[in-house]
Amino acid sequence: QVQLAESGGGSVQAGGSLRLSCATSGYTYRSYCMGWYREAPGKEREGVATIQTHGRTSYSESVKGRFTISLDNTNNSLYLQMNSLKPEDTAIYYCAAHHVDWSCDIFRLWKTYEFRGQGTQVTVSS
């Protein structure tokens, strides 16, 4: 059974950095589409960044140049390095994975992922 677990959230001042981690267990597929999503209070869940087999990535315009998604294949962990954080980045961040890597971009609907984490809170104060 595949399980995803996020960690690394917390509170930080604007301009600061955080690194989110998503530990995966039981994932044995060779191909993947993995992503980070977030949900701010009163807003719909949105795609932040995705990465697929062979390393192709996509980012939302709001985080491009500030966030970096990466995957460590040695320990099957997904990361999101977040720099220059802004108050509008405040949200619950979720990771997700799917074993088919087509249509892998930030517009992919959260509910279409096979495996989804429980989220970690990120709060950015001004």
Side-chain angles (χ1 to χ4, degrees):
Q1 184 177 358
V2 177
Q3 294 185 324
L4 307 179
E6 302 94 337
S7 62
S11 297
V12 65
Q13 289 191 329
S17 298
L18 282 174
R19 187 192 195 204
L20 303 184
S21 299
C22 175
T24 69
S25 61
Y27 193 93
T28 59
Y29 301 104
R30 290 189 175 185
S31 63
Y32 57 85
C33 169
M34 303 186 78
W36 286 99
Y37 286 68
R38 68 184 180 187
E39 185 171 336
K43 295 187 177 181
E44 292 187 354
R45 194 167 301 186
E46 63 174 356
V48 175
T50 62
I51 186 168
Q52 65 185 105
T53 316
H54 306 306
R56 180 178 177 271
T57 59
S58 72
Y59 296 91
S60 68
E61 287 299 319
S62 62
V63 308
K64 195 173 292 184
R66 300 189 296 123
F67 290 12
T68 302
I69 188 171
S70 61
L71 178 67
D72 187 338
N73 289 304
T74 62
N75 61 14
N76 293 326
S77 290
L78 181 70
Y79 300 100
L80 185 68
Q81 178 67 44
M82 306 186 295
N83 299 328
S84 302
L85 282 161
K86 305 176 181 179
E88 51 264 43
D89 294 318
T90 295
I92 300 175
Y93 284 72
Y94 303 86
C95 64
H98 193 87
H99 82 281
V100 178
D101 63 358
W102 56 267
S103 294
C104 188
D105 59 37
I106 55 107
F107 301 106
R108 180 173 186 149
L109 295 178
W110 164 259
K111 64 182 180 181
T112 66
Y113 284 85
E114 293 173 293
F115 315 110
R116 293 167 279 182
Q118 296 300 308
T120 184
Q121 177 70 49
V122 171
T123 302
V124 184
S125 58
S126 57

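Quantities reported herein were computed from a predicted structural model and do not represent experimental measurements.
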> Does the side chain of S58 reach to within under 4.5 Å of the side chain of F107, using non-hydrogen atoms?
Replying inline: no

> Can you list the residues that meet the side-chain hydrogen bond (donor to acceptor under 3.5 Å, both in side chains) rule with N73, with sequence neighbours excluded?
Replying inline: none

>> Listing request: all salt bridge (charged side-chain N to carboxylate O under 4.0 Å, His left out) pairs with a residue in residues 89-107, at least two apart in sequence or in separate chains.
In response: R38-D89, R66-D89

> Shortest non-hydrogen contact from A14 to P87?
Replying inline: CB-CD, 4.1 Å

>> Using a 3.5 Å distance criterion without hydrogens, assess whether the side chain of T53 forms a donor-acceptor pair with backbone atoms of Y32.
In response: yes

> Taking all non-hydrogen atoms of both residues, which atom of L80 and which atom of A49 are closest, and how far apart?
Replying inline: CD1-CB, 4.2 Å

>> With salt bridge (charged side-chain N to carboxylate O under 4.0 Å, His left out) as the rule and sequence neighbours excluded, what pairs involving residues 21-37 come up?
In response: none

>> Hydrophobic clusters here meaning ILVMFWY residues chained together by side-chain heavy-atom distances under 4.5 Å, can you tell me if Y113 and M34 are in one?
In response: no

> Under the side-chain contact (heavy atoms from CB on, under 4.5 Å) test, which residues partner A40, sequence neighbours left out?
Replying inline: K43, A91

> Distance from T50 atom OG1 to I69 atom CD1, nearest 0.5 Å?
Replying inline: 6.0 Å

> In terms of hydrophobic clustering (I, L, V, M, F, W, Y; side-chain heavy atoms under 4.5 Å; direct or indirect links), are V63 and I51 co-clustered?
Replying inline: yes

>> Once side-chain contact (heavy atoms from CB on, under 4.5 Å) is applied, do any residues pair with V12, and if so which ones, sequence neighbours excluded?
In response: L18, L85, V124

> Can you list the other members of the hydrophobic cluster that holds V100, where links are side-chain heavy atoms under 4.5 angstrom apart?
Replying inline: W102

>> Are W36 and I106 connected into the same hydrophobic cluster when the rule is that any two of I, L, V, M, F, W, Y join if their side-chain heavy atoms are below 4.5 Å apart?
In response: no

>> Can you pull out every side-chain hydrogen bond (donor to acceptor under 3.5 Å, both in side chains) where at least one residue sits in residues 2-29? Sequence neighbours excluded, please.
In response: S17-N83

>> I need the full list of disulfide (SG to SG under 2.5 Å) pairs touching residues 96-126, with sequence neighbours left out, sorted by first then second residue.
In response: C33-C104

> Just wondering, are more than 12 heavy atoms of other shown residues or ligands nearer than 6.0 Å to CD in Q118?
Replying inline: no

> Can you name the nearest heavy-atom pair linking L20 to V122, along with the distance?
Replying inline: CD2-CG2, 4.0 Å

>> Just to verify, what does Y94 make a ring-ring contact (aromatic ring centres under 6.0 Å, His included) with, not counting sequence neighbours?
In response: W110

>> Using the side-chain hydrogen bond (donor to acceptor under 3.5 Å, both in side chains) criterion, which residues pair with T74? Sequence neighbours excluded.
In response: D72

>> Distance check, rounded to the nearest 0.5 Å: L4 atom CG versus C95 atom SG?
In response: 4.5 Å

>> Does anything in residues 48-92 form a ring pair (Phe, Tyr, Trp, His ring centres under 6.0 Å)? List the pairs, not counting sequence neighbours.
In response: none

>> Going by salt bridge (charged side-chain N to carboxylate O under 4.0 Å, His left out), name the pairs with one or both residues in residues 107-126, residues two or more places apart or in two chains.
In response: none

